[in-house]
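In what follows, a single structure is set out as structure tokens and then discussed.
FYI, side chains are in, hydrogens and waters are out, and symmetry mates aren't considered; it's all heavy atoms of this structure. By convention here, the first residue in the shown sequence is residue 1.
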Amino acid sequence: MTLLITWPESGPDTTVRRTTDPTEIADALSPIGVRYEQWPVRDDVPAGAPAETVFAAYREQIDKLNDEEDFTTVDVVSLHPTQSPEWPQTAKAAREKFLREHTHDDDDEVRFFVAGAGIFYLHVNGEIHAVYCEKGDLLGVPRGTTHWFDMGTSPSFTAIRFFHEEDGWIGNFTGSDIASRFPDFDRIHAEHTGQPA
């Protein structure tokens, strides 16, 4: 179940908002320019499905969003635990890539979760909005929005990514350590689902 938690940027001691209601989440994010919606879930697409299977399953929604937003590139990113000895290092490197606060100057960050979960932390107007996204959730973070993304210590997700610019996803890091002061994916996931990440 999707979750939105909002705290003041000073820290997580006070919770401004906590909701799992999709309408409330969309209404809370819309004023800061963030797009949130839910697409019909396809249970016939396994977590590690190849890109062509994902594209075929969600073709109607992809085409509709492309018509609205005029994206130039759409791809699928998939990261799931494996038994290979390289997995711990692969997972750590993938997580650390976006765990620090950053912005994107040239493009929005638009992701649809086909499987698994991840948290976008949006730092806007003196608040931190942690959006726990899971299967069926689409989130669009406008270019220039300060944010970070946590996929947990053992990432498991498949997402469709939409780009207006081929290099638009390059992060400009702020140098702030603010991400370290808020609950991470593993903690929120465990509290929210009752299961370890």
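One N or O on the side chain of His192 and one on the backbone of Met1 form a donor-acceptor pair closer than 3.5 Å. Remark: side-chain polar atoms of Asp150 are paired, donor with acceptor, to backbone N or O of Gly152 under 3.5 angstrom. Panel note: side chain Asp177, backbone Ser180; no donor-acceptor pair is recorded below 3.5 Å. Not one N or O on the side chain of Asp186 forms a donor-acceptor pair closer than 3.5 Å with the backbone of Pro196. Remark: the backbone N or O of Ala57 is paired with a side-chain donor or acceptor of Arg42 at under 3.5 angstrom. Looking at Arg143, its side chain does come within 3.5 Å of a backbone N or O of Asp106 through a donor-acceptor pair. Using modelled atom types, no side-chain atom of His104 and backbone atom of Thr145 make a donor-acceptor pair closer than 3.5 Å. A donor-acceptor distance shorter than 3.5 angstrom exists from the side chain of Thr193 to the backbone of His189, with no hydrogens or angles considered. Not one N or O on the side chain of His147 forms a donor-acceptor pair closer than 3.5 Å with the backbone of Glu101. Remark: side-chain polar atoms of Thr103 are not paired, donor with acceptor, to backbone N or O of Asp105 under 3.5 angstrom.
Distance check, rounded to the nearest 0.5 Å: OG of Ser154 to NZ of Lys92 gives 14.5 Å. With values rounded to the nearest 0.5 angstrom, Thr20 atom OG1 is found 7.0 Å from Leu3 atom CG. The distance from atom OG1 of Thr158 to atom CG of Leu79, rounded to the nearest 0.5 Å, is 8.5 Å. Asp63 CG to Tyr58 OH: the interatomic distance, rounded to the nearest 0.5 Å, is 14.5 Å. Distance check: Trp148 CH2 to Leu122 CG gives 9.0 Å after rounding to the nearest 0.5 Å. Rounded to the nearest 0.5 angstrom, Leu99 CG and Met151 CE are separated by 8.5 Å.
In summary, the side chains of Tyr36 and Ser30 do not present any donor paired with an acceptor at a separation below 3.5 Å, with no hydrogens or angles considered. For His102 and Asn172, the side-chain atoms include no donor-acceptor pair closer than 3.5 Å. With no hydrogens or angles considered, no side-chain donor-acceptor pair links Trp87 and Gln89 at under 3.5 Å.
Inter-residue side-chain proximity for Thr146 and Val124 is flagged as unmet; no heavy-atom pair is nearer than 4.5 Å. Residues Tyr132 and Phe120 are not in side-chain contact: their nearest non-hydrogen atoms beyond the backbone lie 4.5 Å or more apart. Side chains of Phe163 and Val74 form no contact here, defined as non-hydrogen atoms less than 4.5 Å apart. Counting only heavy atoms from C-beta outward, the side chains of Glu127 and Glu9 never approach each other to under 4.5 Å.
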Item to complete: Please step through side chain to side chain contact (heavy atoms under 4.5 Å, CB included) for the pair Val114 and Val45, ending with a clear verdict.
Response: CA-CA 8 Å; Val114 175; Val45 181; 3.9 Å; yes

Assess whether salt bridge (charged side-chain N to carboxylate O under 4.0 Å, His left out) is satisfied between Asp184 and Arg95, documenting all intermediate values. CA-CA 11 Å; Asp184 65 7; Arg95 182 185 191 212; 3.5 Å; yes

Residue pair Arg35, Glu109: steps toward the salt bridge (charged side-chain N to carboxylate O under 4.0 Å, His left out) verdict = CA-CA 10 Å; Arg35 178 182 193 146; Glu109 187 163 351; over 6 Å; no

* To do: Determine, step by step, whether Ile62 and Ile160 satisfy the side chain to side chain contact (heavy atoms under 4.5 Å, CB included) criterion, reporting the C-alpha distance in whole Å, the side-chain angles of both residues, the deciding distance to 0.1 Å, and the verdict.
  => CA-CA 9 Å; Ile62 291 169; Ile160 302 172; 3.9 Å; yes

Step-by-step side chain to side chain contact (heavy atoms under 4.5 Å, CB included) determination, Ile5 to Val16 = CA-CA 8 Å; Ile5 309 172; Val16 175; over 6 Å; no

* Asked: Would Ser84 and Thr82 count as a side-chain hydrogen bond (donor to acceptor under 3.5 Å, both in side chains) if you check the C-alpha gap in whole Å, the side-chain angles of each, and the deciding distance to 0.1 Å?
  -> CA-CA 5 Å; Ser84 77; Thr82 69; 3.1 Å; yes

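By the 4.0 Å N-to-carboxylate-O rule, Lys64 lies too far from Glu60 to be salt-bridged with it.
Annotation for Arg17: atom CZ counts as buried by contact number, over 12 foreign heavy atoms lying within 6.0 Å. Within 6.0 Å of CG in Asp67 there are more than 12 heavy atoms belonging to other residues, nucleotides or ligands. Atom CG of Asn125 has 12 or fewer neighbouring heavy atoms from other residues, nucleotides or ligands inside a 6.0 Å radius.
Taking the six-membered ring where the residue is Trp, the centroids of His129 and Tyr121 are separated by 6.0 Å or more.
Ring orientation note: the planes of Phe162 and Phe71 are tilted relative to one another, at an angle of 30° to 60°.
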